[in-house]
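For the numbers below, each heavy atom of this structure counts, side chains included, while hydrogens, waters and symmetry mates do not. Only a predicted model underlies this, so the values are computations on that prediction, with no experimental measurement involved.
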Amino acid sequence: MNILITINKKYVKQVNILLNSIQYSNAKENFNIYVLHRDLEESDLKIINNNLDLKRFQIHLIKIAEKEIQKFPVHEKRYPVEVYFRIFANKYLPQDLERILYLDADTIVINSLKELYETDFEDNDYVAATHVKKVLHKLNEIRLNIKEDEPYINTGVLLMNLKELRKVNIEKEVKAFIEKNEKKLLLPDQDILVSIFGDKIKLVDSLKYNLGERTLNTYNINHPKNQIGLRWICRNTVIIHYFGRNKPWNKQYIGRLDCFYHKIEKMIRKHAKEKVLILSCGTGGGHNSAAKAIQEDLISKGIDTDFIEYLDIVNQRVRNNVNKLYIHSTRENGKVFKVVYKLGEIYQKTNLKSPVYALNFLNKKRLYKYIIDNNYQYIITTHLFAAQSLTAIKKEHPIKFMAVATDYVCIPFWEETNPDDFVIPSEDLKEDFKNKGIPEKKLLPFGIPTAKTYRQPYDKKDYKEKLKFDVNEKYVLILTGSMGFGNVTDMIKKLYEDMKQVNFIVSCGHNEELFNTLKEEYKDSKNIIILPYTDKISHYMKASDMILSKPGGLTTTEIATLRKPFIHTMPIPGCENYNANFFDKRKMAIKCDTIEEVIENTKKLLKDETLQNQMVENQEKYIRKDTCDKIADIVIREMQKK
């Protein structure tokens, strides 16, 4: 069964309630749900999907491009542009669909849709109900110049004959009609459809298929001896429509039909699974990778867990701008990032709330609504921004959350957060976090979480063969970071010139410019492999004999978890310096601040097996592989309490 919905972000929760009502009242049917929109994001889809059986419900988001919207003859200064989506739906829907049932987001379904959906069109383009009586119809006849026998329908429930509608140039007809009648329009979608398709509409009973509070009251006033009540509605009505301003999610609702809406809400809460939400932020790849590692482990233990970027909930445009600013700050060897980080450290000593906290404080209502709408019992965050917003929420609502640090230092402003538990990378960092104001009882030195692929035993030779490498030759992997940062071209050039007997693998991350530059420069070189972004980077890490890496907290931990000899190359000033120093001090890696140091130490480490073994032994001593298990133990304990 095909269902059409056209919405904006304001009605996402209502769509979830509508779809759940369909699920409860149509237990044997499967549905394809087509959602036409212009502003929905991944976080909205999660709300729409909440508590749905996704084996029975296939959700298809169809975004209407802005250039398409610009073609619409009237825009949202007078009414939402989404009203046009249903009028032009046949243009945007798959061309093999022959019929579809459109439902407004303020409808719910309380009985089987099968009879309505299978209604014979009898050469009509639409099947719908009318709420308009004779007197009002007469006014509409005059206003819109429609015929007496052409019904003025309510467009909140429309069975659409797509096969026939494709034969009509709807855009041309709508444009011509609006140009002629724009000042007469009251309810544009209804006025347009009635005026253009009035003689091609089949009517159905509004008491069954489009029952609203006003419709019910009007019927009962006109039929005092044969009034219908809630029992009749339960047995006979299929679709309830909360049209007008009288909405059941508002406290001032007037009437009786809101009981059906609230019944669906209660059923959703009753059947909702206990879920964990993991929040991160895409400023660099490490925060997201740590979050996904935790999610992977919790799901493997049977815990329903969602991961989403915090700024996706707040605003996708904000997220894109924040990520761009971060990338910009790391250019030219991190000059801007260095200044910003240093200012953060200075501000940290003032004990004043930071501007960063103030910005994230503003997002608390939207984040809390998302948590409640999706029934999350416990939250984990691997990023400061989300932790600050959760802290603001916690002052007003009883939520529990865990913060997970992904760098080997207490970065500025962690002290402004108030998680119930705070996972830090090492026992050796407790003093740093305590000195910055984090209570010791909250600190859990479990390590930085890494994906299962890094924690499992592996055979280097097997991975060399899998990647078609010569098992008898040496391979050095160069990781420039998930975003491909760093002035690596000079470093690669000098490494290649000095060590032609070594094979180099260069991972460029998402930096397409770097990839294209290196690919062209070394196109004739047999012992340099230039990689674009790949989700199989762990295979190359396992196959390599040694790794050169930027000192990101997560990547560094992944390498050490694999027990690999490696070198930190030219840290970006700030947390990367702290990461590199932590590993260098414990002889788990070598820190190099210049290209000359990189070349000198790469040669040395490749030749010195004793040094390699010492590194691996120290990695085994300081870097845990049970981080995700330890985090899961806390989560399970908290979920059991609830």
Side-chain angles (χ1 to χ4, degrees), residues 278 280-281 283-294 297 341 344-345 348 380-384 386-387 401-415 417 419-452 454-455 479 481-482 549-564 566 568 571-572 574-589 591 615-635:
I278 303 177
S280 181
C281 193
T283 50
H287 303 288
N288 286 355
S289 294
K292 290 174 183 176
I294 299 169
D297 190 73
Y341 194 91
E345 289 185 312
Q348 195 174 35
I380 300 171
T381 178
T382 58
H383 200 280
L384 170 70
F401 77 95
M402 172 190 289
V404 179
T406 58
D407 286 296
Y408 290 83
V409 63
C410 183
I411 64 170
F413 313 136
W414 267 130
E415 71 278 2
T417 67
D420 297 277
D421 296 294
F422 203 136
V423 175
I424 62 174
S426 170
E427 182 79 32
D428 294 351
L429 292 168
K430 266 191 172 183
E431 283 302 312
D432 182 30
F433 280 81
K434 279 168 56 182
N435 291 339
K436 301 288 173 49
I438 312 295
E440 184 176 8
K441 64 181 181 180
K442 295 185 177 187
L443 298 175
L444 303 173
F446 292 164
I448 294 177
T450 57
K452 187 178 180 180
Y454 297 100
R455 293 179 273 130
L479 298 175
S482 66
S549 175
K550 297 294 289 177
L554 193 280
T555 303
T556 293
T557 307
E558 288 171 343
I559 298 167
T561 304
L562 289 172
R563 312 310 189 209
K564 284 278 179 185
F566 72 107
H568 277 140
I572 293 174
C575 48
E576 282 198 3
N577 253 328
Y578 288 105
N579 293 336
N581 289 336
F582 184 90
F583 274 73
D584 190 67
K585 182 179 178 181
R586 289 159 184 78
K587 301 190 185 311
M588 293 188 285
K591 178 187 174 187
M615 271 190 188
V616 170
E617 287 172 9
N618 288 324
Q619 291 166 5
E620 289 172 346
K621 179 180 177 181
Y622 292 107
I623 302 301
R624 303 174 62 151
K625 289 190 176 186
D626 64 347
T627 305
C628 288
D629 290 327
K630 289 292 185 181
I631 290 173
D633 289 343
I634 301 290
V635 173

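Not one N or O on the side chain of Arg455 forms a donor-acceptor pair closer than 3.5 Å with the backbone of Asp626. The backbone N or O of Cys575 sits nowhere less than 3.5 Å from a side-chain atom of Asp407 that would complete a donor-acceptor pair.
Minimum interatomic distance between Pro412 and Leu384 (heavy atoms only, all atoms of both residues): O-CD2, 3.6 Å. When every heavy atom of Ala293 is checked against every heavy atom of Cys628, the shortest pair comes out as O-SG, 3.8 Å. In this structure, Thr417 and Ala387 approach most closely via the heavy-atom pair CG2-CB, 3.6 Å. Residues Trp414 and Ile438 approach most closely at O-CD1, 3.5 Å, considering heavy atoms. When all heavy atoms are compared, the tightest approach of Ala405 to Phe433 is CB-CZ, 4.0 Å. Residues Gly552 and Asn579 approach most closely at C-ND2, 3.8 Å, considering heavy atoms.
A 4.5 Å side-chain heavy-atom check between Ser426 and Phe582 finds at least one atom pair inside the cut-off. Using a 4.5 Å heavy-atom cutoff, the side chains of Phe413 and Glu415 are in contact.
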Residues Thr556, Phe566; criterion side-chain contact (heavy atoms from CB on, under 4.5 Å); working and verdict
CA-CA 9 Å; Thr556 293; Phe566 72 107; 3.9 Å; yes
Give the intermediate values and the outcome of side-chain contact (heavy atoms from CB on, under 4.5 Å) for residues Lys587 and Lys621.
CA-CA 11 Å; Lys587 301 190 185 311; Lys621 179 180 177 181; over 6 Å; no
Show your reasoning for whether side chain to side chain donor-acceptor pair (under 3.5 Å) applies to Tyr408 and Thr557.
CA-CA 10 Å; Tyr408 290 83; Thr557 307; 2.8 Å; yes
Could you check Thr381 against Phe401 for side-chain contact (heavy atoms from CB on, under 4.5 Å), going step by step and ending with a plain yes or no?
CA-CA 8 Å; Thr381 178; Phe401 77 95; 4.2 Å; yes
Chi angles and distances behind the side-chain contact (heavy atoms from CB on, under 4.5 Å) call for Val423, Ile634
CA-CA 11 Å; Val423 175; Ile634 301 290; over 6 Å; no
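The side chain to side chain donor-acceptor pair (under 3.5 Å) test applied to Ser280 returns Asn288, Thr382, not counting sequence neighbours. Considering only residues two or more places apart in sequence or on other chains, Lys430 meets the side chain to side chain contact (heavy atoms under 4.5 Å, CB included) condition with Ile424, Glu427, Glu440, Leu443, Pro445. Considering only residues two or more places apart in sequence or on other chains, Arg586 meets the side chain to side chain donor-acceptor pair (under 3.5 Å) condition with Asp428. Scanning for side chain to side chain donor-acceptor pair (under 3.5 Å) contacts around Asp432 gives Lys436, with sequence neighbours left out. Take Asp297 and apply the side chain to side chain donor-acceptor pair (under 3.5 Å) test, not counting sequence neighbours, and it matches Lys301. By the salt bridge (charged side-chain N to carboxylate O under 4.0 Å, His left out) test, Glu431 pairs with Lys434, sequence neighbours left out.
The structure places OG1 of Thr561 at 9.0 Å from CG of Leu554, a figure rounded to the nearest 0.5 Å. Distance check, rounded to the nearest 0.5 Å: CD of Glu558 to OG1 of Thr450 gives 6.5 Å. A distance of 10.0 Å separates NE2 in His568 from NZ in Lys591, rounded to the nearest 0.5 Å. A distance of 7.5 Å separates CG of Asp633 from CZ of Phe446, quoted to the nearest 0.5 Å. Taking CD1 of Ile631 as the reference point, atom CE of Met402 lies at 5.5 Å (rounded to 0.5 Å). Rounding to the nearest 0.5 Å gives a distance of 15.5 Å between CD1 of Ile278 and NE2 of His383.
For Lys630, the NZ atom sits in a loose shell: 12 or fewer heavy atoms of surrounding residues, nucleotides or ligands are nearer than 6.0 Å.
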